[in-house]
Structures are given as C-alpha cells and as structure tokens.
Asks: 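The structure follows.
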Amino acid sequence: TLVAETLVFALRNSSEEAVAVQSLMALQGILDDRPEIDVVFLDVNILYGHFRTVLRALNRRYGHVRFVVTSVNQENPIGRLAMQNGAAGFLHNDVQFETLLDALQTVRTTGRIVPYESCEDAPAALTEPEVALLAYLADGMDTDDVATVLQVSGSTVRTKLRSLREKMGVKTDAQAVSRAVREGLI
C-alpha cells in the first residue's frame with residue numbers, strides 16, 4: 001500500500017495560463033476521486049509564476065496530501081520555490097527507485113524530506129493557521145482582536161506569534177507580515 005496511495009503527476013510548461021489551469025484541474029479531479037492518496041510527486045516543468053499559484057492552491061485544497069516536487073534541473077530555483085510554498089520536499093528526476101521509496105516513507109512518517117543542498121536553508125512551510133494568523137495581522141487586527149476571533153487567550157496568540165517569528169527568522173510581527181506579503185502567502 002506504500003505505493004498504491006501515491007500519485008506521480010506531471011505539470012507541463014506553457015506560456016498560456018489555460019494549460020496550467022487544465023493541469024491543475026486534472027490533478028484536482030484525480031485527488032477528488034481518490035481521497036486515499038496522501039503523497040503526490042509533482043514532476044514540475046511549468047513557469048515559476050504558475051507553479052507558485054498551483055502549489056499554493058493544492059496545499060489549501062488538499063491539506064492531507066504531501067506534495068514532493070521533482071524536476072529535471074536541480075540548478076534552477078524550483079526546489080527552493082517549492083519548499084517556500086509548502087512542498088514536503090524536492091527531488092531530482094533521475095533519483096534511483098530505492099531513493100524514491102525512501103523519500104516516500106520519510107514523507108509519510110515525518111511530513112517532509114530534506115531537499116538537496118541549495119534548498120536546505122529554505123524556510124519551513126507555514127501551516128494554514130499560521131498563514132491565517134498573519135492575515136489577521138495584515139488586516140490590522142491586534143493580539144486581543146485575534147484572540148477574540150480565534151476564541152483563545154491573548155497569551156496563546158502571543159506565544160503562537162513568537163513561534164511563528166522564530167520559524168520565519170524575523171524579529172517583529174511587522175517583518176513577518178511583510179515577508180508573507182512579499183512571498184505571496186497572504
């Protein structure tokens with residue numbers, strides 16, 4: 001069952017947004033029909049702008065699925081971009097079958113795999129609640145407002161924000177929001 005619940009899917013390059021949308025719709029159809037799929041290896045060969053949009057949309061819609069991005073060229077920034085936009089990992093297309101199985105098992109057990117060297121310093125992906133917290137701040141809410149909306153204490157919100165700042169490698173909430181906006185997370 002290790003492989004039976006895994007999907008390998010190719011997203012192909014096109015300057016036309018319609019092709020990227022068709023690829024996304026095809027993948028969504030498969031995932032909607034097969035909810036037992038929990039890991040998808042995305043063979044990516046699409047424009048970076050489309051890729052970011054597609055990966056974010058997939059992560060939002062299929063929170064239970066881990067996406068591992070594969071690409072033919074490990075010198076391009078696709079691995080880093082993948083990790084920054086919620087991928088569970090990045091692998092070069094020509095990995096051995098045993099390596100692929102090891103990666104699959106690691107993703108299933110830990111949720112992530114360590115990508116190749118140029119991705120090692122990519123930030124950990126933000127969870128949906130973390131992104132929502134940043135969106136509240138971006139909308140001008142203060143800690144007490146957020147606590148009221150989330151029905152938690154102000155202390156809990158401050159603790160979550162402190163952990164979020166550490167995860168993002170920033171010192172202030174404003175820097176966290178600014179970075180999230182710049183990276184298109186909110």
Asks: If you look at every heavy atom in Y62 and F67, which pair is closest and at what distance?
Replies: O-CE1, 4.3 Å

Asks: Indicate yes or no: does D173 engage R165 in a salt bridge with an N to O separation below 4.0 Å.
Replies: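 Looking at R165 together with D173, the answer is yes, because their closest N to O distance falls below 4.0 Å.
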
Asks: With the side chain counted from C-beta on, respond yes when V65 and V39 share a heavy-atom pair under 4.5 Å apart, and no when they do not.
Replies: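 No, their side chains stay 4.5 Å or more apart.
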
Asks: Short question: side chain of S178, backbone of A174 - any donor-acceptor pair under 3.5 Å?
Replies: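 Between the backbone of A174 and the side chain of S178 there is no qualifying donor-acceptor contact (under 3.5 Å).
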
Asks: Kindly say whether T172 contributes a backbone atom to a donor-acceptor pair with the side chain of Q175 at under 3.5 angstrom?
Replies: yes

Asks: If you look at every heavy atom in V177 and A138, which pair is closest and at what distance?
Replies: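 Answer, listing the atom of V177 first, then A138: CG1-CB, 3.7 Å.
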
Asks: Between A103 and L91, which heavy-atom pair has the shortest distance, and what is it?
Replies: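 Looks like CB-CD1, 3.7 Å.
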
Asks: For A87 versus N59, what's the shortest heavy-atom pair and its separation?
Replies: N-ND2, 4.4 Å

Asks: Rounded to the nearest 0.5 Å, how far apart are CZ of R162 and CG of L164?
Replies: 12.0 Å

Asks: For the pair R61 and D32, find out whether any cationic side-chain nitrogen is under 4.0 Å from an anionic carboxylate oxygen.
Replies: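 Yes, charged N to carboxylate O under 4.0 Å.
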
Asks: What I want to find out is whether E130 reaches K167 closely enough, with some N-O distance under 4.0 Å, to be called a salt bridge.
Replies: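 The answer is yes: the pair qualifies as a salt bridge.
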
Asks: Please check if any side-chain donor atom of T156 sits under 3.5 Å from a side-chain acceptor atom of S153, or the reverse.
Replies: yes

Asks: Within the structure provided, determine whether V68 and V40 are in side-chain contact (heavy-atom separation under 4.5 Å).
Replies: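 No, every pair of side-chain atoms sits at 4.5 Å or beyond.
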
Asks: Quick one: are L42 and T70 in side-chain contact, heavy atoms under 4.5 Å?
Replies: no

Asks: Does any non-hydrogen side-chain atom of K160 lie less than 4.5 Å from one of L133?
Replies: yes

Asks: What's the shortest heavy-atom distance between G154 and A147, and which atoms?
Replies: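 Shortest heavy-atom contact: N-CB, 3.8 Å.
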
Asks: If every non-hydrogen atom of H64 is compared with every non-hydrogen atom of P35, which pair is closest and at what distance?
Replies: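 Answer, listing the atom of H64 first, then P35: NE2-O, 3.4 Å.
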
Asks: Please tell me if the side chains of L104 and F41 come closer than 4.5 Å, counting only heavy atoms from C-beta onward.
Replies: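 They are in contact (side-chain heavy atoms under 4.5 Å apart), so the answer is yes.
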
